[in-house]
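To keep things clear, I will list the structure first and then write my remarks on it.
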Amino acid sequence: MKSAEIREKFLKFFESKGHTIVRSSPLVPGNDPTMLLTNSGMVQFKDVFLGLDTRPYSRATSVQRCVRAGGKHNDLENVGYTARHHTFFEMLGNFSFGDYFKRDAIAYAWELLTKVYGLPAEKLTVTVYQEDDEAYDIWANEIGVPKERIIRIGDNKGARYASDNFWQMADTGPCGPCTEVFYDHGADIWGGPPGSAEEDGDRFIEIWNLVFMQFNRDEAGNMTRLPKPCVDTGMGIERLAAVLQHVHSNYEIDLFQNLISAAARETGATDLESKSLRVIADHIRAAAFLIVDGVIPSSEGHGYVLRRIIRRALRHGHKLGQAKPFFYKLVEDLDKEMGAAYPELTEAKARVAEVLRAEEERFGETLENGMKILEAQLAKDPKNLDGATAFTLYDTYGFPRDLTADICRERGVTFDEAGFDAAMEQQKKTARAAGKFKMAAKVEYTGEKTRFVGYESLHHDSKVI
Ligand code: ATP
Ligand code: MG
Ligand code: MG
Ligand code: MG
């Protein structure tokens with residue numbers, strides 16, 4: 001089943017259960033200055049859950065574009081290392097605003113997975129919050145999931161991606177237990193069931209999270225029952241597609257295979273399983289959609305998340321031997337894959353390519369020179385990268401810190417983070433001392449006409465940051 005069909009079937013199913021189909025909101029949340037980027041389907045409904053906003057419907061369903069590459073949820077470091085994490089992904093979701101609760105939410109999820117998508121029930125394992133007997137009973141007695149495949153999860157802080165099954169929007173406010181559905185990809189893949197010591201592996205892959213908002217937590221930590229409990233669910237379409245297309249890794253699904261081939265075409269790489277191609281295919285999605293939603297590369301905030309993603313992709317291109325701009329050419333391929341579902345991408349694709357190309361040109365030369373400096377340093381000390389060199393790469397050659405750290409990780413090199421911080425601190429002090437001079441420089445530039453405001457501030461800097 002192709003991704004397009006999976007999307008369609010999800011929305012149609014929930015529509016048939018009385019849900020209103022709501023379009024994806026942009027990646028930059030309009031209603032929440034505390035949240036950097038949209039990281040789940042509930043973001044556009046946050047105020048509805050909080051009772052601050054109302055909608056003409058009490059059931060909704062959406063396919064939400066999400067980015068987890070900064071802030072509270074950051075999966076950037078996982079891309080290329082796990083089979084299931086992306087920076088950009090699409091979250092299928094259904095929501096109840098004080099309408100149905102656990103019983104229907106669980107029954108819908110099960111019906112959709114096993115009847116509509118036809119997943120074999122015996123491949124599914126579910127988790128519930130340790131104290132949530134209600135959810136446990138529904139799975140065991142109403143749905144009929146055998147008890148050995150219902151796992152109670154408490155605070156399992158040991159594993160890297162540990163499930164904890166208690167969800168909260170913030171320190172105070174709506175919160176509640178969740179129940180998650182995992183798919184077992186088979187004994188030949190390393191990993192154990194949720195809650196086990198091998199949970200970090202990729203054998204049991206979490207596909208769906210059903211959150212039951214039933215409490216309100218006050219400042220003192222007291223929890224009271226909400227008068228109208230709500231449901232918020234999220235399922236990554238790429239993970240579901242991997243299951244339905246009988247592959248293990250998300251990178252093997254239809255949507256990614258074409259992008260990976262396109263990345264190979266543009267970089268000259270021949271090994272289609274290479275990690276670098278996967279990273280590039282992941283990053284073109286995140287970068288393009290961030291630009292569609294109005295973000296442009298810059299040295300802070302949203303723009304810096306975007307810049308870090310682009311530069312990581314370019315570094316992987318460089319590693320594959322492509323020193324010329326190539327990344328922007330993938331926009332056309334991405335549009336072929338996703339333009340039908342996201343007309344806003346098709347509409348913006350020329351601008352997206354232009355923004356990417358400008359960033360590629362800007363970083364291209366310093367990337368090449370920076371890599372030479374890095375190689376020279378590593379030739380001297382193959383096991384450690386000192387903070388001063390890493391800072392020079394950052395400050396003079398525009399290598400974001402995480403990009404340098406990523407290269408080090410790849411090569412088993414220890415990166416002196418503390419040394420980097422110290423060099424950064426020192427530079428800030430020097431900059432403060434020179435503050436007056438900088439102010440004067442800024443005034444001179446204010447007369448310039450600009451199109452993309454973000455670039456302009458860069459041209460003013462003597463250094464590429
Ligand atoms: P994991 O434990 O695998 O990191 P999660 O518990 O952080 O996932 P949730 O916050 O529960 O994920 O999000 C709901 C669903 O969204 C997940 O069950 C999964 O299908 C999908 N999802 C979450 N993060 C990613 C990601 N980085 N890339 C692709 N899909 C994701
Ligand atoms: Mg996660
Ligand atoms: Mg999880
Ligand atoms: Mg989860």
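Quick caveat, the model's predicted, so the values are computed rather than measured. Indexing begins at 1, ligand by ligand and atom by atom, following the structure's order.
The number of heavy-atom neighbours closer than 6.0 Å to CD of Glu300, taken from other residues, nucleotides and ligands shown, is 12 or below.
For Arg149, there are no salt bridge (Lys or Arg N to Asp or Glu O under 4.0 Å) partners at least two apart in sequence or on another chain. Annotation: salt bridge (Lys or Arg N to Asp or Glu O under 4.0 Å) contacts of Arg23 (sequence neighbours excluded): Glu344. Residues satisfying the salt bridge (Lys or Arg N to Asp or Glu O under 4.0 Å) criterion with Lys123, sequence neighbours excluded, are absent altogether.
Side-chain atoms of Gln64 and Ser25 form a donor-acceptor pair, as typed in the model, at a separation below 3.5 Å.
Aromatic pair Tyr108/Tyr100: centroids less than 6.0 angstrom apart.
Within the protein, the N, O or S atoms lying under 2.8 Å from the Mg ion (ligand 4) are Glu180 OE2, Glu206 OE2.
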